[in-house]
Amino acid sequence: MKYLNVAEKNNAAKNIAIHLSQGTQIWREGLLQYNKIYEFEAEVLGQKSQMVMTSLSGHLLTLDFYGAYKNWQSCNPLELFDAEVFKSCIIKYEEIKKTLEREVRGCQGLIIWTDCDREGENIGFQIIEVCSAVKNDLKIFRAKFSAITEFSVKIALQNLEQPNKNISDAVDVRQELDFRIGAAFTRFQTLRLRKVFPKTIGKSVVSYGSCQFPTLGFVVERYRAVENFVAEPFWKLTVNHTMNGLSVDFNWERVRLFDQKACRVLHDTCKESPLATVTDVTTKPKSKRRPLPLTTVEFEKLASRKLNINAKKAMDFAEKLYMDGLTSYPRTETNEFPEEMNLEQLVGLHTDDPNWGAFAQNILDNGGPTPRQGNKSDGAHPPIYPTKYIDGQLLKLPERRLYELIVRSFLACCSKDAQGQETTATINIANEVFSGNGLMITARNYLDVYPYDDWSSTEIHVYQSGQTFNPSCIDLVDGSTSPPNLLTEADLIELMEEHGIGTDATHANHIEKIKERSYVKLDDGITFVPDLLGMGLVEGYERIGLNLSKPHLRAQFEADLKAISEGRKQPQVVMAEQVAKYKEVYLKVTAEANKIDGALAERFSEKPNTDPNKDNVMCECRLTCKKLTVSKESQNKGRPFYACPKDIKKRCKFFQWADGETSTSSGWSTNGRGRKRAYSSSDEWTYGE
DNA sequence: GCAAGGTC
């Protein structure tokens with residue numbers, strides 16, 4: 001038997017091949033330089049077999065509309081909810097597809113080794129689709145692994161399963177809906193707003209996406225919370241005891257009062273008999289926990305918060321570090337190291353470094369690495385860790401700082417929690433209670449290598465229970481409640497993760513996208529505020545009574561997808577329900593689009609063009625009485641034509657333009673990528689009015 | 001020229 005084995009990416013294919021062949025694999029080039037082919041022997045289903053292993057680079061196929069639906073001017077976006085869609089190979093991956101087709105011909109079996117998550121299952125079915133098309137009697141298997149380690153992939157090969165169609169179906173529904181909704185709303189928003197605000201919108205695209213809008217929504221919500229915040233004045237008592245050059249502050253047990261008079265009365269009472277009596281002194285151990293093994297989300301948050309490198313840039317550099325072999329795969333949700341990983345060796349790589357070498361040596365000399373184990377695993381990738389040591393001086397600046405962050409995080413999580421002793425002294429002044437704290441750090445441990453956490457000692461006098469002293473001062477301090485902070489990028493990523501908007505691999509992209517679209521902007525280089533367009537859009541949809549920027553729509557959809565994965569719901573049913581829902585939303589939006597114009601007009605300085613459709617020409621089909629509105633502008637650019645969705649696959653002799661003229665072309669059009677697509681129309685169109 | 005999800 002000869003099996004074709006296909007992984008989701010080259011790196012996975014290579015490592016799986018190494019593990020299964022004990023390093024005896026030989027490699028050759030595939031048709032695309034990034035995706036190599038590895039060959040070795042292995043035992044499959046109790047039989048010695050020839051193995052050919054190659055990979056994709058993520059999804060192989062993508063969705064598209066046919067002919068007229070592809071063109072922004074030649075169809076009503078409403079039709080995109082029902083227009084037929086097709087999957088085709090992503091143009092840059094055609095060589096990968098050809099490699100699969102060529103390699104599978106010589107094989108009798110196919111083993112899918114894509115990542116063991118939802119998207120991976122779907123990618124698996126794309127591989128099956130391509131391979132089955134050239135070889136129809138293939139024996140097909142799915143390898144399920146919990147990590148790409150020798151142990152895990154060998155177990156997977158001994159326990160081959162069948163691919164799970166339900167999971168893949170859920171992804172198909174997700175893709176198709178995101179695509180239809182995204183295309184319909186994006187075209188509508190863009191085409192309309194370009195006409196209503198030609199100066200402000202210009203040629204830019206006003207996109208709608210099921211992740212873009214909730215992300216924008218988080219920024220708007222926080223901005224409003226800050227804007228609408230009403231500060232409330234408060235008053236509080238503070239006590240200070242300075243002696244021998246050491247100043248100790250005591251905090252009031254009541255924290256603060258919102259009644260100035262009451263606070264003044266208590267202050268006066270304390271000032272009248274200011275002698276403080278120490279009522280209690282406790283000292284107890286306190287520790288600060290070392291970080292968990294590093295995930296993508298934590299990496300992005302640290303880079304953004306501590307190094308001021310934004311998530312998109314951080315991921316681009318992480319990708320480069322990974323490609324250079326310095327760090328492990330950067331997209332991971334896993335925060336625990338697999339048992340079989342040799343952490344001692346990985347720590348040992350760093351013992352010669354001038355900055356953290358001694359720390360690494362210290363870990364090895366004191367019982368070895370003992371990382372905390374988290375509770376998340378994506379089943380394919382370990383946490384992010386340095387795979388190789390390099391002198392930081394050899395790297396350019398942002399890369400060096402990110403490599404250092406990965407190394408320091410790794411060494412910190414392999415180290416021990418910081419330990420300290422916290423002393424709390426409680427005092428009583430005229431029956432008011434205050435407490436002061438002191439912290440003595442007894443073992444800094446991980447903090448010595450991890451500058452991203454603060455924990456510092458604070459001194460306190462040595463007090464004894466029953467002792468009395470005269471405070472240096474007892475003050476009445478006024479203040480006012482403060483608004484929440486605007487969102488930083490790290491906060492935004494946290495919210496996205498919490499509400500299930502996007503994935504670890506896409507958070508940074510969505511944030512970048514809404515910046516690019518001018519929906520949000522960085523206020524002071526650090527915090528996000530809505531930009532005029534983003535704010536106006538959210539307000540416009542709200543005036544229509546829609547909450548498209550709230551995360552619950554996406555959350556509901558995710559719940560449906562889960563039901564499909566588990567076989568509890570039919571994909572066609574969910575698809576139909578969601579399409580119907582969004583179609584209704586779309587109709588409402590187009591009917592009340594003037595409310596969006598109005599909201600934006602209040603934000604923009606440009607006066608809106610109040611009748612953006614006055615130049616439109618109505619087309620009507622004589623046979624079906626279907627109506628189509630076309631702008632004069634597009635009419636001049638090229639004649640609108642109608643593609644009949646049902647007959648699309650039939651190659652027809654001629655088609656008819658919306659102005660009634662027929663063309664004798666073969667009935668094939670080319671798409672933007674120069675590829676031929678069939679479209680047809682037996683309907684006749686004519687201009688009305 | 002549109003989405004979101006993978007990935008180089």
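Every chain is numbered from 1 and lettered A, B, ... according to where its sequence line falls, protein lines coming before strand lines. Side-chain atoms are counted along with the backbone in the values below, which use heavy atoms only and exclude waters and symmetry mates.
Between A/Gln212 and B/dA3, a side-chain N or O to OP1/OP2 separation shorter than 4.0 Å is present. In terms of phosphate contacts, A/Tyr93 brings no side-chain nitrogen or oxygen within less than 4.0 Å of OP1 or OP2 of B/dG6. Using a 4.0 Å cut-off, some side-chain N or O of A/Arg517 falls inside it from OP1 or OP2 of B/dC2. Distances shown here put a side-chain N or O of A/Arg331 below 4.0 Å from the OP1 or OP2 atom of B/dT7.
Residues that satisfy the side-chain hydrogen bond (donor to acceptor under 3.5 Å, both in side chains) test with A/Arg568, not counting sequence neighbours, are A/Glu566. Under the rule for a salt bridge (charged side-chain N to carboxylate O under 4.0 Å, His left out), A/Lys14 has no partner lying at least two apart in sequence or in another chain. Partners of A/Thr149 by side-chain contact (heavy atoms from CB on, under 4.5 Å), not counting sequence neighbours, listed by chain and number: A/Ala147, A/Phe151, A/Ser152, A/Pro338, A/Glu340. Take A/Phe557 and apply the ring pair (Phe, Tyr, Trp, His ring centres under 6.0 Å) test, not counting sequence neighbours, and it matches no residue. A/His499 is linked by a ring pair (Phe, Tyr, Trp, His ring centres under 6.0 Å) to A/Phe218, counting only residues two or more places apart in sequence or in another chain. Residues satisfying the side-chain contact (heavy atoms from CB on, under 4.5 Å) test with A/Pro530, not counting sequence neighbours, are A/Val219, A/Val220, A/Tyr223, A/Met535. A search for side-chain contact (heavy atoms from CB on, under 4.5 Å) contacts involving A/Glu8 returns A/Thr114, A/Asp115, A/Ile123, not counting sequence neighbours. Under the rule for a salt bridge (charged side-chain N to carboxylate O under 4.0 Å, His left out), the partners of A/Lys320 that lie at least two apart in sequence or sit in another chain are A/Asp324, A/Glu399.
A perpendicular orientation is assigned to the rings of A/Tyr541 and A/Phe213, their planes being inclined by more than 60° (bins at 30° and 60°).
Of the residues in residues 493-511 of chain A, A/Gly502, A/Thr503, A/Ala505, A/Thr506, A/His510 come within less than 4.0 Å of DNA chain B through at least one heavy atom, sorted by number. Against DNA chain B, the stretch residues 571-585 of chain A makes no heavy-atom approach under 4.0 Å. Residues of residues 163-175 of chain A having a heavy atom closer than 4.0 Å to DNA chain B, listed by number: A/Arg174, A/Gln175.
Summarising the geometry, the separation between CZ on A/Phe188 and P on B/dA3 is reported as 16 Å, rounded to the nearest angstrom. When the P atom of B/dC2 is taken as reference, atom CD of A/Glu79 falls 21 Å away, rounded to whole Å. We find that OH of A/Tyr586 is positioned 15 Å from P of B/dA3, with the value rounded to whole Å. One can place CD1 of A/Ile127 at 15 Å from P of B/dG6, the figure rounded to the nearest angstrom. The separation between A/Lys312 atom NZ and B/dA4 atom P is 14 Å, rounded to whole Å. To the nearest angstrom, P of B/dC8 lies 7 Å from CG of A/Asn11.
Between A/Glu319 and A/Thr190, the one whose closest nucleotide on DNA chain B sits nearer the 5' end is A/Thr190.
Of the candidate nucleotides B/dT7, B/dG5, B/dC2, B/dC2 has the atom nearest to the side chain of A/Phe179. Listed nucleotides B/dG6, B/dC2, B/dT7 differ in distance to A/Asp64; the shortest reach to its side chain belongs to B/dC2.
Looking at heavy-atom distances under 4.0 Å, A/Tyr322 makes contact with sugar-phosphate atoms alone, never a base. Within the 4.0 angstrom heavy-atom criterion, only backbone atoms of the sugar-phosphate kind lie near A/Tyr329; the bases stay farther away. Using a 4.0 Å heavy-atom distance criterion, A/Ser57 is classed as a base contact. When heavy atoms are screened at a 4.0 angstrom cut-off, A/Leu60 is found touching no nucleic acid atom at all. Using a 4.0 Å heavy-atom distance criterion, A/Asp115 is classed as a sugar-phosphate-only contact.
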Atom pairs and distances, side-chain donor-acceptor, residues 575-587 of chain A, under 3.5 Å, sequence neighbours left out:
residue	atom	partner	partner atom	Å
A/Gln578	NE2	A/Asp560	OD2	3.3
A/Lys581	NZ	A/Gln556	OE1	3.1
A/Lys583	NZ	A/Asp82	OD2	2.7

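Remark: A/Glu558 does not engage A/Lys562 in a salt bridge, criterion side-chain N to carboxylate O under 4.0 Å. A salt bridge is absent between A/Lys313 and A/Glu300; no separation between the charged side-chain nitrogens and carboxylate oxygens falls under 4.0 Å.
For B/dC2, its base never sits under 3.5 Å from the side chain of A/Ser207 at any donor and acceptor pair.
A cation-pi contact links A/Lys9 to A/Tyr329, judged by a cut-off of 6.0 Å to the six-membered ring centre and 45° from its axis.
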